[in-house]
Amino acid sequence: MLTATPAAGQGGLAPPAADSVPAVSGQVNLRGTVGIPRGGLRNNISGVGGGLHGYIGGWVGRRPLLVGLDLGILNYGRTTDQVPFSRTVGPRVPVEVSTNNNVVETHLSLRLQSRTGRFRPYVEGLAGFKYLFTRTTVGDDDFGNDELGDDIAESTNYDDFALSGGAGAGIDVRVYQQREPGKTLRAVDVHLGVQYLLGQEAEYLAEGDLTDENENGQELDVRRSRTTFLQPQFGVTFRLADTD
């Protein structure tokens with residue numbers, strides 16, 4: 001009488017052990033952002049800003065619900081001047097003085113999005129805060145040399161916080177899929193999206209608002225308004241572990 005053990009019956013088709021598959025189930029996103037001021041902010045800031053955002057999130061159970069953290073920084077103004085290092089040495093030792101106007105955005109995100117498929121549209125709600133700050137850096141002037149000048153000093157000239165919240169929407173389109181089940185990276189998507197982030201009133205400086213009148217000290221032209229941005233975004237999304 002011939003019998004076959006379960007192992008023999010399965011041959012080489014036995015599924016891999018459960019612990020050979022990564023347990024992570026989420027996605028990471030990196031994207032460039034255009035910051036378009038809206039409302040009162042648009043009256044105080046000329047032009048648009050630009051920056052970078054990152055997102056990390058994980059699915060809740062088997063539902064198409066992602067909980068994540070969205071972080072980013074926008075620059076909405078920059079001025080650079082060459083000035084003497086001091087009154088004593090005069091113009092013989094110039095330095096470069098750069099002033100940057102920035103917004104750091106930190107938001108929790110709840111997103112509805114499928115974990116599978118080539119085309120994955122989504123909608124999300126966001127809640128968090130904005131940190132607006134103007135910072136000046138004094139550095140060496142390298143006069144076109146290949147080496148970058150070193151920072152000599154830096155200072156935060158003005159800053160403020162504002163509560164923030166809003167909504168976003170977009171789509172991830174898959175351009176690469178991993179076929180080996182044991183790999184952590186499952187797919188790569190091209191990301192297109194937009195966020196509309198309402199912001200509480202805050203005080204801030206616009207580009208060129210920081211001046212030195214008659215070399216007698218710092219003069220601040222402080223603006224105040226709501227801090228709302230419309231943010232078109234383009235980037236790449238990495239789906240991890242068993243997300244496809």
Side-chain angles (χ1 to χ4, degrees), residues 24-42 44-45 47-60 64-78 98-113 122-137 154-172 189 191-207 209 222-240 243:
V24 181
S25 181
Q27 64 185 28
V28 175
N29 171 270
L30 299 173
R31 60 200 189 274
T33 300
V34 177
I36 304 173
R38 309 302 297 167
L41 188 66
R42 179 176 56 183
N44 292 332
I45 296 177
V48 300
L52 295 172
H53 275 73
Y55 169 90
I56 182 169
W59 274 274
V60 178
L65 175 65
L66 277 154
V67 178
L69 180 64
D70 194 277
L71 301 173
I73 183 167
L74 292 173
N75 178 280
Y76 64 88
R78 176 182 173 86
S98 298
T99 299
N100 285 278
N101 307 98
N102 301 305
V103 183
V104 172
E105 298 180 334
T106 303
H107 294 88
L108 293 175
S109 167
L110 289 179
R111 177 181 295 188
L112 290 175
Q113 185 177 30
Y122 71 88
V123 293
E124 66 178 343
L126 302 111
F129 66 89
K130 296 183 177 81
Y131 173 56
L132 299 91
F133 68 99
T134 296
R135 191 165 185 81
T136 297
T137 301
E154 57 184 4
S155 175
T156 299
N157 310 110
Y158 204 86
D159 62 351
D160 201 1
F161 284 89
L163 295 178
S164 177
I171 188 170
D172 287 311
D189 305 330
H191 174 89
L192 293 171
V194 64
Q195 293 176 333
Y196 191 83
L197 294 175
L198 299 166
Q200 190 182 38
E201 280 195 357
E203 294 183 340
Y204 53 89
L205 301 179
E207 183 178 87
D209 281 351
V222 178
R223 314 294 181 98
R224 183 178 181 87
S225 71
R226 293 190 176 274
T227 52
T228 299
F229 281 97
L230 175 67
Q231 299 178 174
Q233 299 171 331
F234 175 81
V236 59
T237 299
F238 303 94
R239 282 187 265 176
L240 306 176
T243 59

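Just so it is clear, the structure is predicted and the values come from calculations on it, not from any experiment.
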Ignoring hydrogens, what is the shortest heavy-atom contact between His107 and Gly165? Give both atom names and the distance.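 Result for this residue pair: NE2-N, 4.3 Å.
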Should [X] and [Y] count as side-chain neighbours, where that means a heavy-atom distance under 4.5 Å?
{"X": "Arg239", "Y": "Asp172", "answer": "no"}
{"X": "Thr106", "Y": "Tyr131", "answer": "no"}
{"X": "Tyr196", "Y": "Thr228", "answer": "yes"}
{"X": "Leu108", "Y": "Leu69", "answer": "yes"}
{"X": "Pro37", "Y": "Asn44", "answer": "no"}
{"X": "Leu110", "Y": "Leu66", "answer": "no"}
{"X": "Phe234", "Y": "Leu192", "answer": "yes"}
{"X": "Asn29", "Y": "Val236", "answer": "no"}

Pair [X]-[Y], side-chain donor/acceptor within less than 3.5 Å:
{"X": "Glu124", "Y": "Gln113", "answer": "no"}
{"X": "His191", "Y": "Gln233", "answer": "no"}
{"X": "Thr136", "Y": "Asn157", "answer": "yes"}
{"X": "Tyr204", "Y": "Ser225", "answer": "yes"}
{"X": "Gln27", "Y": "Thr237", "answer": "no"}

Lys/Arg N to Asp/Glu carboxylate O, Arg31 vs Asp70, below 4.0 Å: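 Looking at Arg31 and Asp70, the cut-off is met.
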Taking the side chain from Thr33 and the backbone from Gly50, do they hold a donor-acceptor pair closer than 3.5 Å?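 A pair under 3.5 Å: no.
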Hey, does the side chain of Thr227 reach the backbone of Gln200 with a donor-acceptor pair shorter than 3.5 angstrom?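 Yes.
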Using 30° and 60° as the class boundaries, would you call the ring planes of Phe161 and Phe129 parallel, tilted or perpendicular?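 If you compare the ring of Phe161 with that of Phe129, the planes turn out tilted.
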After noting the C-alpha distance and the side-chain angles of Gln195 and Glu105, does the key distance pass the side chain to side chain donor-acceptor pair (under 3.5 Å) rule? CA-CA 12 Å; Gln195 293 176 333; Glu105 298 180 334; over 6 Å; no
For Arg224, enumerate each residue passing the salt bridge (charged side-chain N to carboxylate O under 4.0 Å, His left out) test, keeping only those at least two apart in sequence or located in another chain.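 With neighbours one apart ignored, the set is Glu201, Glu203.
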